[in-house]
Number of protein chains: 2
Amino acid sequence: MTVRQPLEPLPPDLFEELCPSAMVPFRFGDKWSALVIRCLEDGPRRFSELRVPLHRVTPKMLTQTLRGLERSGLVSRTAHADPALGVEYALTPLGRSLLEPMRVVYGWVAEHWEELLDAQERYDTPALRNPA
Amino acid sequence: MTVRQPLEPLPPDLFEELCPSAMVPFRFGDKWSALVIRCLEDGPRRFSELRVPLHRVTPKMLTQTLRGLERSGLVSRTAHADPALGVEYALTPLGRSLLEPMRVVYGWVAEHWEELLDAQERYDTPALRNPA
DNA sequence: CAGAATCCGTTAAGATACTG
DNA sequence: CAGTATCTTAACGGATTCTG
C-alpha cells in the first residue's frame with residue numbers, strides 16, 4: 001500500500017518557489033484587469049469605448065486598472081498628436097501572450113461554473129447537507 | 001487599409017457574457033486559494049501540514065481559505081473517527097480538474113515574470129521612461 | 001473625451017490570544 | 001491538533017464632483 005510521505009513532498013520553501021505564481025492574484029485578482037484584457041483582444045480601444053462593455057465600471061476604476069496593466073507592460077497607452085483621435089489602449093506583445101492561458105482558464109470556468117454554484121448552494125443550505 | 005470597427009466588436013452585454021469569468025477573481029483572486037490547491041496536488045494534507053509550506057499564513061486565513069474551497073466543491077474535508085488521525089483536506093475531482101488550467105497560467109508566469117518586473121521598474125523609474 | 005480628486009463603505013488580511 | 005474569537009489595519013471598489 002502507498003504510504004503518504006510525512007512532509008517531504010512539500011519543501012519548506014514552497015512559498016518562495018511559488019512566489020511568481022503569487023503574482024497572479026497580485027495582477028489579475030482584481031475585478032477588472034482580466035476583463036479589460038479580453039476587451040482589447042480585437043485591437044486598440046479608446047477609454048470611453050472600454051466603458052461600454054464594462055458598463056458598470058467607474059472612470060476611476062478603469063483608469064486604475066489601465067494604469068496597472070500599463071505598469072506591468074501588458075497594455076500600451078498612446079495619446080495621439082491630434083486630440084480628436086483620443087487616447088488608445090492596446091495589448092502589448094506580452095499582454096497578447098496572456099490571451100491563450102486566459103482562454104484555458106475561462107474554458108474551465110465555462111465548463112464547470114454550474115458545478116461551482118451547485119456546490120455553494122449545497123454548502124449554504126443546511127437541509128441539503130444532512131439529507132434525511 | 002483595415003478600418004477598425006467603431007463599437008460593434010464589443011457587444012454591450014459583454015459583461016454579462018463574461019460573467020462566469022468574473023468568478024475567477026471571485027474564487028482565485030484571494031491570496032491563498034491557488035497556493036493551497038497546489039499544496040494538495042500530491043494528496044490529502046492535514047491542517048498543520050498545510051501551514052508548513054505556507055508559513056506566512058495565519059490559522060485564521062488558512063481556515064477561511066479552506067472553507068471557501070470546500071464551499072466551492074474544490075476541496076473536501078474529512079474528520080476521522082479516530083481524532084489522532086486528525087482532519088484531512090483533499091482535492092475533489094472538480095478541484096483536481098483545475099490543476100491543468102492552473103499549470104498553464106503558472107507556466108506563463110514562470111516564463112514572463114522577469115518581463116513583468118522589468119516593466120514595473122521602468123514604469124516606476126521616471127529616469128528610465130525618458131531616456132536622454 | 002479622458003481623466004483627476006475626494007470621500008466613503010465594504011472586504012481582505014494579519015496579529016494576537018484562547019479553546020475542545 | 002485544529003481550529004475560534006476579537007481587534008486593527010490596509011486595500012478594494014464605488015459614487016460624486018470637477019477639469020483641461
Side-chain angles (χ1 to χ4, degrees), chain A residues 4 6-7 10 15 19 22-36 39-40 44-72 75-90 120, chain B residues 4 6-7 10 15 18-19 22-36 39-40 44-72 75-90 120 123:
Chain A
R4 168 163 56 106
L7 261 176
L10 289 180
F15 184 80
C19 197
M23 297 184 62
V24 177
F26 162 66
R27 178 63 271 160
F28 310 105
D30 69 352
K31 193 168 178 180
W32 301 106
S33 291
L35 256 31
V36 166
C39 289
L40 291 174
R45 294 291 168 191
R46 290 163 55 176
F47 191 86
S48 41
E49 259 183 313
L50 288 172
R51 293 197 63 190
V52 177
L54 311 172
H55 56 273
R56 314 251 299 157
V57 74
T58 59
K60 176 197 161 188
M61 290 311 297
L62 184 52
T63 300
Q64 193 174 299
T65 302
L66 288 168
R67 290 292 171 277
L69 293 172
E70 207 190 334
R71 178 170 182 259
S72 302
V75 162
S76 66
R77 175 186 187 275
T78 39
H80 292 282
D82 182 352
L85 291 176
V87 180
E88 282 199 329
Y89 293 93
Q120 294 193 4
Chain B
R4 168 163 56 107
L7 260 175
L10 289 180
F15 184 81
L18 292 181
C19 197
M23 297 183 61
V24 177
F26 163 64
R27 179 62 270 160
F28 309 105
D30 69 351
K31 194 168 178 179
W32 300 106
S33 290
L35 257 30
V36 166
C39 289
L40 292 174
R45 296 289 169 191
R46 290 161 57 173
F47 191 86
S48 41
E49 258 182 315
L50 288 171
R51 293 197 64 191
V52 176
L54 312 172
H55 55 272
R56 313 253 298 157
V57 75
T58 60
K60 177 197 159 188
M61 290 311 297
L62 183 53
T63 300
Q64 195 173 298
T65 302
L66 287 168
R67 292 289 173 278
L69 294 171
E70 207 190 335
R71 177 169 183 260
S72 302
V75 161
S76 66
R77 175 186 187 274
T78 39
H80 292 281
D82 182 349
L85 291 177
V87 180
E88 283 199 326
Y89 293 92
Q120 294 193 3
Y123 190 91

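Order of the sequence lines sets the chain letters (A, B, ...), proteins ahead of strands, with each chain counted from 1.
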What do the steps show when you test A/S72 against B/Q120 for side-chain contact (heavy atoms from CB on, under 4.5 Å), and what is the final call? CA-CA 5 Å; A/S72 302; B/Q120 294 193 3; 3.5 Å; yes
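- Between the CD atom of B/E49 and the P atom of D/dG3 there is a distance of 13 Å, rounded to whole Å.
- Heavy atoms of A/R51 sit nowhere under 4.0 angstrom from any nucleic acid atom.
- The CG atom of A/L69 sits 13.5 Å away from atom CZ of A/R77, with the distance rounded to the nearest 0.5 Å.
- The line from CE of B/M61 to CH2 of B/W32 is 8.0 Å long, rounded to the nearest 0.5 Å.
- B/R45 has no side-chain polar atom (N or O) that falls below the 4.0 Å cut-off from OP1 or OP2 of D/dA2.
- Computed from coordinates, the A/L50 CG to C/dA2 P distance equals 9 Å when rounded to whole Å.
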What string of B, S and - do you get for nucleotides 8-20 of chain C, 5' to 3', if B is base contact, S is sugar-phosphate-only contact and - is no contact with any protein heavy atom under 4.0 Å? -----BBB-----
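- Computed from coordinates, the B/L62 CG to D/dG3 P distance equals 8 Å when rounded to whole Å.
- Across the protein-nucleic acid pair, A/L66 atom CG and C/dA2 atom P stand 11 Å apart, rounded to whole Å.
- Of all heavy-atom pairs spanning B/A90 and B/L40, the tightest one is C-CD1, 4.3 Å.
- Closest approach of B/P53 and B/L50 over heavy atoms only: CD-O, 3.3 Å.
- Rounded to a whole Å, the CZ atom of A/R46 is 11 Å from the P atom of C/dG3.
- Distances shown here put every side-chain N or O of A/Y89 at or beyond 4.0 Å from the OP1 or OP2 atom of C/dC1.
- A/Y89 has its side chain within reach of A/V75: a pair of non-hydrogen atoms, C-beta onward, lies under 4.5 Å apart.
- Of the side-chain N and O atoms in B/S48, one or more sit less than 4.0 angstrom from OP1 or OP2 of D/dC1.
- Neither OP1 nor OP2 of C/dA2 sits under 4.0 Å from any side-chain N or O of A/R67.
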